[in-house]
Amino acid sequence: MSSFDNHKLGLIVPYRDRAEHIRQFLPYMLSYLAKQGIDATIYVVEQEDGTAFNRAKLLNIGVLEAEVDCDYFVMHDVDMIPVDVDYSYAAAPTHLAAAASQFNYSLPFPQYFGGITLFSREVLEAVNGYSNQYWGWGCEDDDMAWRCAFAGYSLQRRFPGRVESIRHETVRDKDRDLNREQLHAQYANKVSRNSDGLDTCQYSVIHRDETEERVWLKVSL
Ligand code: UDP
Ligand code: BGC
């Protein structure tokens, strides 16, 4: 139980084939959250081989598989090691990676909403989670920012948000039918709930390994 409030965090890590990163990340993150007095379960959602990586869909699966008592979620890249990041609850959608070393401890662009982001369960249900359509690298986090904005939420950023990014080879694969502009255009004049998201997320869990501190799911998309 957090020393500050009664909120329970589900921290979701989208993952595939980054063994050295997850080996560093998990013990570090568990002790970092404990130091902040955060009541949390970490969910590693690992995508099986065979299709392009789909970060957003893995995050949706984490939400769908998380215990019902998690009332807020942090979506967390495995290569972002927090140095000064506050993981306590926020009601508004909140960006936590404001100063990552991979972007020279700054933002790559003012609207950046990737890397580490926090959402209450209520916000995720209102925007229907992430789109499941972003196969390959990029744009899924921009799309989520649009979802939140069009649902009337004001996006917040929490400082200092200092992060050391683990260096790795840059992968910029893309394998999707719609490009960023087409997807974003779908939000113009949007008034209804997103039709693609948590409630259309199809997957199967191939393997589940649970310890007291974390749940590791291997999934097929
Ligand atoms: N990721 C992964 N395996 C992959 C691609 C991505 O585990 O093959 C996850 C991992 O959590 C990573 C995040 O997706 O931190 C974002 O991908 P990446 O680090 O490649 O994006 P970048 O930081 O280079 O924009
Ligand atoms: C991509 C995002 C990414 C950001 C920072 C943007 O162009 O669409 O997915 O998080 O760059 O790398």
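In each ligand, atom 1 is the first atom listed, and ligand 1 is the first ligand listed. Side-chain atoms are counted along with the backbone in the values below, which use heavy atoms only and exclude waters and symmetry mates.
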**Q** Closer than 4.0 Å to some heavy atom of Cys139 - which atoms of ligand 2 meet that?
**A**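 Close to Cys139: 1 (C), 2 (C), 8 (O), 9 (O).
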**Q** Using a 4.0 Å cutoff against the non-hydrogen atoms of Asp79, which atoms of ligand 1 qualify?
**A**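 Per the distance check, 15 (O), 19 (O), 23 (O).
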**Q** Considering only heavy atoms of Gln102, which atoms of ligand 1 have at least one such atom less than 4.0 Å away?
**A**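 Those qualifying, in numeric order: 23 (O).
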**Q** Looking at Pro14, which atoms of ligand 1 are within less than 4.0 Å of one of its heavy atoms?
**A**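 Counting from 1, the qualifying ligand atoms are 7 (O), 9 (C), 10 (C), 11 (O).
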**Q** Knowing that exactly one of His207, Glu210, Glu46 qualifies, which makes a side-chain hydrogen bond (donor to acceptor under 3.5 Å, both in side chains) with Trp216?
**A**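 Testing Trp216 for a side-chain hydrogen bond (donor to acceptor under 3.5 Å, both in side chains) against His207, Glu210, Glu46 leaves exactly one candidate, Glu46.
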**Q** Using a 4.0 Å cut-off to any heavy atom of Tyr15, which atoms of ligand 1 qualify?
**A**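 With Tyr15 as reference, the close atoms of ligand 1 come out as 7 (O).
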**Q** Any nitrogen or oxygen of Trp137, main chain or side chain, under 3.5 Å from a nitrogen or oxygen of ligand 2?
**A**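 Checking ligand 2 against Trp137, no N or O pair falls under 3.5 Å apart.
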**Q** Indicate yes or no: does an N/O atom of His76 lie under 3.5 Å from an N/O atom of ligand 1?
**A**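 So ligand 1 has no N or O lying under 3.5 Å from an N or O of His76.
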**Q** Heavy-atom distance under 4.5 Å between the side chains of Ile116 and Val74, does that happen here?
**A**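 In contact.
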**Q** How far is atom 3 (N) of ligand 1 from the closest protein heavy atom, and which atom is that?
**A**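 The closest one turns out to be Arg16 O, 2.8 Å.
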**Q** Do the charged groups of Arg18 and Glu20 touch, with an N to O distance under 4.0 Å?
**A**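 Answer for the salt bridge query: no.
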**Q** Would you mind running through ligand 2 and noting each atom that sits below 4.0 Å from a heavy atom of Tyr112?
**A**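 Every atom of ligand 2 under 4.0 Å from some heavy atom of Tyr112: 5 (C), 10 (O).
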**Q** Considering only heavy atoms of Gly138, which atoms of ligand 2 have at least one such atom less than 4.0 Å away?
**A**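 The atoms of ligand 2 under 4.0 Å from a heavy atom of Gly138 are 9 (O).
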**Q** Where's the contact between His168 and ligand 1, heavy-atom distance under 4.0 Å: side chain, backbone, both or neither?
**A**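 It is the side chain that gets close, since no backbone atom is under 4.0 Å.
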**Q** Starting from atom 6 (C) of ligand 1, which protein heavy atom do you reach first, and at what distance in Å?
**A**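 Looking at atom 6 (C) of ligand 1, the protein heavy atom closest to it is Phe53 CE2, 3.2 Å.
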**Q** Once you measure the plane-to-plane angle for His76 and Tyr87, does it fall in the parallel (<30°), tilted (30-60°) or perpendicular (>60°) bin?
**A**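 His76 and Tyr87: parallel rings.
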**Q** With heavy-atom distances below 4.0 Å as the criterion, list the atoms of ligand 2 near Asp141.
**A**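 Here the atoms of ligand 2 in question are 2 (C), 3 (C), 9 (O), 10 (O).
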**Q** Look at atom 13 (C) of ligand 1 and find which of Ile22, Leu59, Asp77 reaches it with the closest heavy atom.
**A**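 Checking each option, the heavy atom nearest atom 13 (C) of ligand 1 is found in Asp77.
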**Q** Using distance alone, decide if ligand 1 has a nitrogen or oxygen within less than 3.5 Å of any nitrogen or oxygen in Asp17.
**A**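 No, Asp17 has no N/O under 3.5 Å of an N/O on ligand 1.
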**Q** Over 60° means perpendicular and under 30° means parallel, so classify the ring planes of Trp146 and Phe150, tilted if in between.
**A**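 Parallel: the ring planes of Phe150 and Trp146 meet at under 30°.
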**Q** So does Arg214 pair up with Asp209, basic N to acidic O under 4.0 Å?
**A**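 Salt bridge flag = yes for Asp209 with Arg214.
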**Q** Do Met29 and Pro82 have side chains that approach each other closer than 4.5 Å (heavy atoms only, starting at C-beta)?
**A**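 The answer is yes; the side chains approach within 4.5 Å.
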**Q** Is the shortest side-chain N to carboxylate O distance from Lys8 to Glu67 below 4.0 Å?
**A**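 Looking at Lys8 and Glu67, the cut-off is met.
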**Q** For ligand 2, is there an atom lying under 4.0 Å from some heavy atom of Phe113?
**A**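 Outside the 4.0 Å threshold, so no.
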**Q** For the pair Tyr89 and His7, name the ring-plane relationship: parallel under 30°, tilted 30 to 60°, perpendicular over 60°.
**A**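 Ring orientation of Tyr89 relative to His7: parallel.
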**Q** For Val78, counting its heavy atoms only, list the atoms of ligand 1 lying under 4.0 Å from any of them.
**A**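 Numbered from 1, ligand 1 contributes 10 (C), 11 (O), 15 (O).
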**Q** Is a side-chain donor-acceptor pair under 3.5 Å present for Asn132 with Asn60?
**A**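 A donor-acceptor contact under 3.5 Å links the two side chains.
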**Q** In the structure I gave you, are the side-chain heavy atoms of Tyr130 and Met75 within less than 4.5 Å of one another anywhere?
**A**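 A side-chain contact under 4.5 Å exists here.
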**Q** Find all atoms of ligand 2 within a distance of less than 4.0 Å from any non-hydrogen atom belonging to Phe103, and give their numbers and elements.
**A**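 Per the distance check, 5 (C), 12 (O).
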**Q** What is the nearest protein non-hydrogen atom to atom 17 (O) of ligand 1, stated with its residue, atom name and distance?
**A**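 The closest heavy atom on the protein side is Arg18 NH1, 4.1 Å.
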**Q** Could you check atom 22 (P) of ligand 1 against the protein and tell me its nearest heavy-atom contact, residue, atom and distance included?
**A**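 Looking at atom 22 (P) of ligand 1, the protein heavy atom closest to it is Trp137 NE1, 3.7 Å.
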**Q** Would you call Arg16 and Glu48 a salt bridge, taking side-chain N to carboxylate O under 4.0 Å as the test?
**A**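 The answer is no: the pair does not qualify as a salt bridge.
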